Amino acid sequence: MGTQCQTKLARNFFSRPATEVAAALLGQTLVRRCEGRRMSGMIVETEAYCAAEGDLDLACHGDRVNKGRPTPRTAVMFGPAGIAYVYFTYGMHWMFNIVTGADNQASAVLIRALQPLEGIEIMRDYRARPDRELTNGPAKLAQAMAITGADNSRDLCDPHGDIWIELGVEIPLLETACGSRIGLGKTPEPWLSMPWRYWMKGNHFVSR
DNA sequence: AGGACGATTAACT
DNA sequence: GTTAATCGTCCTG
């Protein structure tokens, strides 16, 4: 007792194709240390970008932007797995992703929704919204968990880091579902319809 | 240099 | 169902 190790997920969990990681992340716990306190939530919805090794995904920043070459923004996607890719969009929202796959290929998983577990009372906008609306969307959960551009390129596997993924609960395959990704706008087929969004069936906190 | 657009959200009709 | 908010990034010229 007293020296219990946290089951922080190691890099090999993330060093797989994004679709595999996106499915495997359902039921795991996103943990944030904030002023010495734990804030956490169970991951209930994800999306994979650049799903399969070697395949193109024109919805993925790494493939769509700059002809598939890195830019200052997308560079971390081309690096090692287990790193946070956090970007700013619509002039007001932060998106939290985890880099997956091998080096030199751009792939990541977007975390789209959480079920709050710990520290809900220190999540941003607690009491300003119904609990369900704290973390039921990618921008909302980033805000609730105080994730910003300052977290971009952080290593989620760093033993001393303040943000990481912990082993959670096993979700039976029958309790999960997948479908097309949300908000892809002008992304062409077939990527527009690829079923690379994963969620927990019936979970109250899934975005839609 | 300038414009289009976005892995969203909230607030409308 | 539609649309405004709001600004960094990327592309075009």
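The chains referred to below are lettered A, B, ... by the order of the sequence lines, with proteins before strands, and numbering in each begins at 1. Everything quoted here is computed from the prediction, not taken from an experiment.
Atoms CZ (A/Arg112) and P (B/dA7) sit 11 Å apart, rounded to a whole Å. Across the protein-nucleic acid pair, A/Tyr90 atom OH and B/dA10 atom P stand 14 Å apart, rounded to whole Å. Between the CD atom of A/Glu133 and the P atom of B/dT8 there is a distance of 16 Å, given to the nearest Å. Distance A/Phe88 CZ to B/dT9 C1': 13 Å, rounded to the nearest Å. When rounded to the nearest whole Å, the span between CG of A/Asn66 and C1' of B/dC5 equals 16 Å. One can place NE2 of A/His93 at 14 Å from C1' of B/dC5, the figure rounded to the nearest angstrom. The CZ-C1' distance, from A/Arg64 to B/dG6, rounds to 7 Å in whole Å. Taking atom CZ of residue A/Arg208 and atom P of nucleotide B/dT9, one finds them 8 Å apart after rounding to whole Å.
The pair A/Arg208-A/Glu45 does not meet the salt-bridge criterion, since no charged nitrogen lies less than 4.0 angstrom from a carboxylate oxygen. A salt bridge is defined here as a Lys NZ or Arg NE, NH1 or NH2 lying under 4.0 Å from an Asp or Glu carboxylate O, and A/Asp151 with A/Arg32 meets this definition.
Across C/dT6 and B/dG2, the matching P atoms stand 22 Å from one another, rounded to whole Å. To the nearest whole angstrom, the two C1' atoms, one in C/dG1 and one in B/dA7, are 23 Å apart.
Heavy-atom nearest nucleotides on DNA chain B were determined for A/Tyr85 and for A/Lys140, and the one closer to the 5' end corresponds to A/Tyr85. Mapping A/Arg73 and A/Arg129 onto DNA chain B by nearest heavy atom places A/Arg73 closer to the 5' end of the strand.
Relative to the ring axis of A/Tyr87, A/Arg73 places its NZ or CZ within 45° and under 6.0 Å from the centre. Both the sub-6.0 Å distance and the 45° axial angle are not jointly satisfied by A/Arg16 relative to the ring of A/Phe14.
Contact annotation for A/Ala139: backbone-only contact, meaning every heavy-atom pair under 4.0 Å involves sugar-phosphate atoms and none involves a base. Residue-level contact check: A/Gly185 touches neither bases nor backbone, having no heavy atom under 4.0 Å from any strand. The residue A/Met92 sits close to a base: some heavy atom pair falls under 4.0 Å. Residue-level contact check: A/Thr187 touches neither bases nor backbone, having no heavy atom under 4.0 Å from any strand. Here A/Met194 lies out of heavy-atom contact (under 4.0 Å) with every strand.
Under the 3.5 Å distance criterion, with hydrogens and angles disregarded, no donor-acceptor pair is assigned to the side chains of A/Arg112 and A/Thr46.
For A/Glu121, the CD atom sits in a packed shell: over 12 heavy atoms of surrounding residues, nucleotides or ligands are nearer than 6.0 Å.
At the phosphate of B/dA7, neither OP1 nor OP2 sits under 4.0 Å from any side-chain N or O atom of A/Thr89.
Summarising the base pairing, B/dA7 is matched to no nucleotide, lacking a Watson-Crick or G-U wobble pair whose two defining distances lie under 3.5 Å. Nucleotide B/dC12 forms a pair with C/dG1, judged by Watson-Crick or G-U wobble geometry with both contacts under 3.5 Å.
If you check B/dT9, C/dC10, B/dA7 against the side chain of A/Val65, the one that comes closest is C/dC10.
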